[in-house]
Amino acid sequence: MAKASKSSKTTKAAPAHYSFFQSVERNFDKAASFTDIKDKGILEQIKACNSIYSMKFPVKIDNKVEVIEAYRVQHSHHKLPVKGGIRFSMDVNQDEVMALAALMTYKCAIVNVPFGGAKGGIKINPKSLSEYDLEKITRRYTAELVKKNFIGPGIDVPAPDYGTGPREMSWIVDTYMSLRPGEIDAAGCVTGKPVTQGGVRGRTEATGLGVYFGVREMCNDADVMKKMNMTVGMADKKVVVQGLGNVGYHAAKYFMEGGASVIALAEYEGAIYNPKGLDVEAVMAFRKKTGSILNFPGAKNLKKSAEALELACDILVPAALENVINGENAPRIKARIVAEAANGPLTPDADEILNKKGTVVIPDMYINAGGVTVSYFEWLKNLSHVRYGRMEKRYSENMNSSILGSIESLTGKKVTAAEKKIILHGPDEVDLVHSGLEDTMIGSYHEIRDVWMKNKKVNDMRSAAFVSAINKVGVSYMELGIFP
Ligand code: GLU
């Protein structure tokens, strides 16, 4: 081997750069050889994006014509409809939407939601546009999707993502219905709608609550906790959450209510830290009042939001955007568990560094799958045209009442009025949605854990999640058969 020259000794090799989609492909390749799918062609087919719709359309803003750049990518048609959110951000580009669509395919497979993966994006800054302009853009985008058959309850079902929420979903369903009049299942063309527009109770908090259920399941896993030299359970776990959007806020809230201590919260204006724990609701109310989380009483300000990622804690929850933990800051991450509430918050370099350090990374495609899980419940509600709990609530309450009555007369003792209220309560829609979500997050944790623990070569949870997902998607493709 040639002797290294002086200069090559001192110049560090530049870290490899991967686009977001290439990172997803890399993680896929790392896991592929451990799957049951031996046919290279099937693996290539699973990996590829099936349809990419890139569009440019004009919208009049302040009497000027603006050309809007937007995308919808359907990653995998092995199951229909395909499913995934729509984001509004100036960072939207084709590669990003492809990567996010691919993650949706694996995510749906992991939580056994019978959809293929998709994603959409509009390159706009929603904060700089009026509500009226946002409505025009959203409606025009929906019309473009209708024109090309890229939306429909059996075709492709969007949902909220970064920069969008129930309001945008409401515009989408209204536009769809006006272009496809009389379609009986039309409400199922999009999820994350307001409840008054066919949405389901429990969708708003679903992703954050799912993050909590998934992390709690790992913290209750005595074997894993022993290996990591951590105590079992949520109590006393120190949590840092980056991003206080819908996902981050709800995750932080449920961690706090579950007995963990949320020691730091980070937003783009900076971060706040209190080793004794922060009251998440009080921080949110403070931010609403002052416009910032900084200077929250009793907490220390961290000027740079990214500093919060490097605090000593048990659980770090990046809940904003991709690539926030990379080769540069990963060596300084002290958390024992990183729960990827955002999609793609770790670059492949960061992943490697953290895995070497023994940090457990709970991958996005599992830990943030609560959103799409409850979207699935919403879609089912739309197809069945009935609210969850409508048929059984009263029946359960009557049944509970007669069981309680029998117990009271047999024992001669009576429960208190408060206890009675809890015992008699029949399930509401939100109870059923939360319970379906909890069951899904627990079940999928154990599916991934089985792969992770049984195969010695699969040494990180992301690869285990990929193995689980690829096996399911692969079987689907093989059973479908390939059109000759
Ligand atoms: N945007 C969410 C995600 O990335 C939800 C997708 C959906 O509900 O279809 O998982």
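In listed order, ligands and their atoms are each counted from 1.
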ask   = When you check the gap from the basic side-chain N to the acidic O, do E131 and R167 get nearer than 4.0 Å?
value = yes
request  = Measure R203 to ligand 1 on non-hydrogen atoms and call it side chain, backbone, both or neither using the 4.0 Å cut-off.
outcome  = side chain
ask   = Which of the numbered atoms in ligand 1 are below 4.0 angstrom from a heavy atom of M104?
value = 3 (C), 4 (O), 6 (C), 10 (O)
query = When you look at Y477 and H78, which way does the side-chain contact (heavy atoms from CB on, under 4.5 Å) test go after all the steps?
reply = CA-CA 6 Å; Y477 266 116; H78 71 288; 3.7 Å; yes
Pair T105, S76: side-chain N/O donor-acceptor within cut-off below 3.5 Å = no
Distance filter under 4.0 Å to G371 heavy atoms, resulting ligand 1 atoms = 8 (O)
ask   = Between R72 and E144, is there a side-chain N and carboxylate O pair less than 4.0 Å apart?
value = no
inquiry  = Just to be sure I read this right, does ligand 1 sit under 4.0 Å from the backbone of N343, its side chain, both, or neither, counting only heavy atoms?
reply    = side chain
Residue and atom name of the nearest protein heavy atom (relative to atom 3 (C) of ligand 1), distance in Å to one decimal = K107 NZ, 3.3 Å
ask   = Looking at atom 7 (C) of ligand 1, what's its closest protein heavy atom, distance included?
value = A159 CB, 3.3 Å
Single hit among M256, K253, E257, M234 for side-chain contact (heavy atoms from CB on, under 4.5 Å) with Y212 = M234
Sequence neighbours excluded and cut-off under 3.5 Å, please list the side-chain donor-acceptor pairs for residues 363-374, or say none.
unit_1 : atom_1 : unit_2 : atom_2 : d
D364   : OD2    : G344   : N      : 2.8
Y366   : OH     : M441   : O      : 2.7
N368   : OD1    : K107   : NZ     : 2.8
N368   : ND2    : A341   : O      : 3.1
N368   : ND2    : A342   : O      : 3.2
N368   : ND2    : N343   : OD1    : 2.9
T373   : OG1    : A369   : O      : 2.7

inquiry  = Could you tell me, atom by atom, which parts of ligand 1 come under 4.0 Å of a heavy atom of K83?
reply    = 7 (C), 8 (O), 9 (O)
inquiry  = How far is atom 8 (O) of ligand 1 from the closest protein heavy atom, and which atom is that?
reply    = S375 OG, 2.5 Å
inquiry  = Return the closest protein heavy atom for atom 4 (O) of ligand 1 as residue, atom name and distance.
reply    = K119 NZ, 2.9 Å
key: Partner of R201 by side-chain contact (heavy atoms from CB on, under 4.5 Å), out of D431, V195, V433, L432   = V195
request  = For G85, take its heavy atoms, then give the atoms of ligand 1 lying under 4.0 Å from any of them.
outcome  = 1 (N), 6 (C)
key: K83 side-chain N/O to P158 backbone N/O, donor-acceptor pair under 3.5 Å   = yes
ask   = Does the N or O separation between P160 and ligand 1 drop below 3.5 Å for any pair?
value = yes
inquiry  = Show the atoms of ligand 1 that are less than 4.0 angstrom away from any heavy atom in G84.
reply    = 9 (O)
